[in-house]
Amino acid sequence: MKTDVEELSPTRVRLSVEVSFEELKPSLDKAYKEVAQQARIPGFRPGKVPPRVIDMRIGRGAVLSEAVNDALPEFYSKAVQEADVFALGQPDVEITQLDDGKELTFTAEVEVRPKFELPDLSTLSVTVDNAEVTDEDVDEYLNNLRERFASLKTAQRPAEDGDFATIDLSASVDGELVEDAQATSQSYQLGGGTMLDGLDDALTGLSAGDTTTFKSELAGGAAEGQEADITVTVQAVKVKELPPLDDDFAQLASEFDTLDELREDTRKQLERVKKLQQTTQARDKAVDALVDAIDMPLPEKFTEHELHHARENIDNQLAQMQMSKEDYLTSIEKTEEEFDTDLVEQSQRSVKVSFVLDELSRTENLSVNQAELSYFVADQAQRMGVSPDYFAQQLVQNNQINVAVTEVLRGKAATIVAERVAITDEAGHPIDVKAQIESLNADVDQMLAAQAAAAQPEGDIEVSDLSVDVAGTIESADDEAELDDEAEVDEELAADEEDDELESDEEDEEDELEAEDAEA
């Protein structure tokens, strides 16, 4: 087979392929068998019609056409490999010549990944947020923790902003009560603005037992949108009381005995969180810097496909949220034109990022081991709320294993970018991303080991037994598919043996009929 490449544009090529008739012969033999199986010619059983009879009764051209259609995908795949191009999407194929007994020639136009050079990563630099944990950060965390253990205490004074009031509410329109706009013993925090317009102002200054009336537009129910007279009665005014920040609180809210121990552990946790956030930011910014440093044309059809996929994802998410696109646009404060423009830019950016990371994976000879693939499967399964075994089976059944491998490779490539690009924080301190990742991974491993040890029954299960064998699940699913294929092959072989037995009984009769057909 001979392949010539013509570059139509930086993102599209035309492959001109010449195939000898010898290379086409296996597909031609297969085509004769399939036509023989389908043909209904007097004197011949299905599958037993000789090629010369098929040529006379059906025509050589029909067989050639089927053979070419069967062989083209394989010839195209070989041509792409010979031409060393990264094809994207489906090609536009045209048969240019088919000489029976001589050769087949065809052309295939297809979009390709553009060629570009990766810059020296060490020449790029980005700045990320500081990861320093201050005393104020620790105090804020502990105060939020105190909020979780707060209690409400009745206050013998008028209600103020931030207080909790227990109230009765009654709404009426034109003097008639609105049945679905009545409430008793409802707890409401002043200043929350979560119920009715004007309620905060009406409650401010009222004490337990006081009643007042104000007008407001109803936000729901049968009278939604109508102005109503709202009567509100205060049953009680309560204030939030936070527990004192002392050793007793440390014992109440944690496993520590003293407040100092709680503070120290809080600082360590916040440092870990900020380091993780800083590492993630460093990786994202480093990849952005690399992509921005490369200028490349984008394949039009491939980018349109990415845009179509992005639109489908958004539509599916809105359907799950039971939200219309109009409401969504209102919530993000964008017009449909602005939204579409942003989506186009995001799709183009996504395509460019994938090209860059794929090229880096190739130049770095990156590979994916079973542990990395298993981690990816477990992580994605957790995000989707399903078991890793189920998610792995879905990957196999939907032929998405290569997609999963590609995602893992791109993640590893992004990490390499973050490790080699010069990264500093806002204070000017250099950030060693590789060291931070290793430290964070060590902390996670230590935490998981401690959790597994705490949950392990004495003398029963080893920590290693708690892992999920995702590889086994994938191999098992593959084995099931292979068994199904083998069963089909066995059935075909059994049918062929039965046909052979019948053939010996009818051989003489077929020979006579065949001779008569040939003479005719």
Side-chain angles (χ1 to χ4, degrees), residues 27 30 34 37 69-78 80-81 86-91 93 110-111 113 299 301-322 347 350-351 353-355 357-358 361-362 366-414 464-495:
S27 294
K30 179 182 176 183
E34 291 180 354
Q37 188 68 39
N69 289 335
D70 176 73
L72 269 180
E74 182 179 355
F75 290 149
Y76 168 72
S77 179
K78 289 181 179 179
V80 168
Q81 294 178 3
F86 195 108
L88 304 169
Q90 296 298 319
V93 178
V110 65
E111 286 190 324
R113 189 174 63 187
K301 289 185 177 179
F302 187 78
T303 304
E304 287 177 356
H305 175 77
E306 180 70 19
L307 176 61
H308 177 72
H309 184 64
R311 286 197 173 110
E312 279 189 339
N313 283 340
I314 291 175
D315 290 341
N316 291 336
Q317 292 174 10
L318 292 178
Q320 292 176 358
M321 297 166 58
Q322 297 183 345
S347 299
S350 176
V351 169
V353 169
S354 66
F355 287 165
L357 294 181
D358 288 345
S361 298
R362 187 186 66 81
L366 298 181
S367 60
V368 177
N369 59 41
Q370 190 56 56
E372 292 165 339
L373 184 59
S374 297
Y375 178 84
F376 172 83
V377 169
D379 180 64
Q380 293 299 309
Q382 183 180 20
R383 294 172 186 269
M384 297 175 62
V386 298
S387 71
D389 288 342
Y390 174 80
F391 185 72
Q393 291 172 355
Q394 292 300 304
L395 287 177
V396 174
Q397 293 174 8
N398 296 321
N399 296 320
Q400 295 292 305
I401 292 297
N402 288 337
V403 176
V405 171
T406 298
E407 288 302 313
V408 176
L409 286 173
R410 288 173 181 172
K412 295 178 71 172
S464 59
D465 295 333
L466 300 176
S467 62
V468 177
D469 185 10
V470 176
T473 300
I474 294 176
E475 291 173 1
S476 174
D478 284 337
D479 290 341
E480 290 179 6
E482 290 174 4
L483 288 174
D484 291 339
D485 293 338
E486 290 173 3
E488 292 179 2
V489 172
D490 290 341
E491 291 176 3
E492 292 177 1
L493 290 175

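No hydrogens, no waters, no symmetry mates; every other heavy atom, side chains included, goes into these values.
- When all heavy atoms of Val377 and Pro388 are compared, the pair lying nearest together is CG1-O, 3.6 Å.
- Between the side chain of Glu111 and the main chain of Lys301, a donor-acceptor pair closer than 3.5 Å is present.
- Residues Ala414 and Leu357 come closest through the heavy atom pair N-CD2, 4.0 Å.
- Annotation: salt bridge (charged side-chain N to carboxylate O under 4.0 Å, His left out) contacts involving residues 372-388, sequence neighbours excluded, comprise Glu372-Lys412, Asp379-Arg383.
- Partners of Phe302 according to the ring pair (Phe, Tyr, Trp, His ring centres under 6.0 Å) rule, which considers only residues two or more places apart in sequence or in another chain, are Phe355.
- Between the side chain of Ser77 and the backbone N or O of Pro73, no donor-acceptor pair lies under 3.5 Å.
- With sequence neighbours excluded, the residues that form a side-chain hydrogen bond (donor to acceptor under 3.5 Å, both in side chains) with Asp358 are Arg410.
- Contacts of Glu74 classified as side-chain contact (heavy atoms from CB on, under 4.5 Å), with partners at least two apart in sequence or in another chain: Lys78.
- Listed by chain and residue number, Gln394, Gln400 satisfy the side-chain contact (heavy atoms from CB on, under 4.5 Å) test with Asn398 (two or more places apart in sequence, or in another chain).
- The distance from the OG1 atom of Thr303 to the CG atom of Leu88 is 9.0 Å, given to the nearest 0.5 Å.
- One finds the CG atom of Asn313 at 11.0 Å from the CG atom of Leu318 (value rounded to the nearest 0.5 Å).
- Within the structure, salt bridge (charged side-chain N to carboxylate O under 4.0 Å, His left out) pairs that include any residue of residues 304-314 do not occur (at least two apart or interchain).
- Side-chain contact between Val110 and Tyr76 is present, with heavy atoms from C-beta onward closer than 4.5 Å.
- Applying the side-chain contact (heavy atoms from CB on, under 4.5 Å) rule to Ala71 yields the partners Leu24, Ser27, Phe75; only residues at least two apart in sequence or on another chain are considered.
- In this structure, the side-chain contact (heavy atoms from CB on, under 4.5 Å) partners of Ala371, at least two apart in sequence or on a different chain, are Asn369.
- The distance from atom NE2 of His309 to atom OG of Ser347, rounded to the nearest 0.5 Å, is 10.0 Å.
- Partners of Lys30 according to the side-chain hydrogen bond (donor to acceptor under 3.5 Å, both in side chains) rule, which considers only residues two or more places apart in sequence or in another chain, are Asp70.
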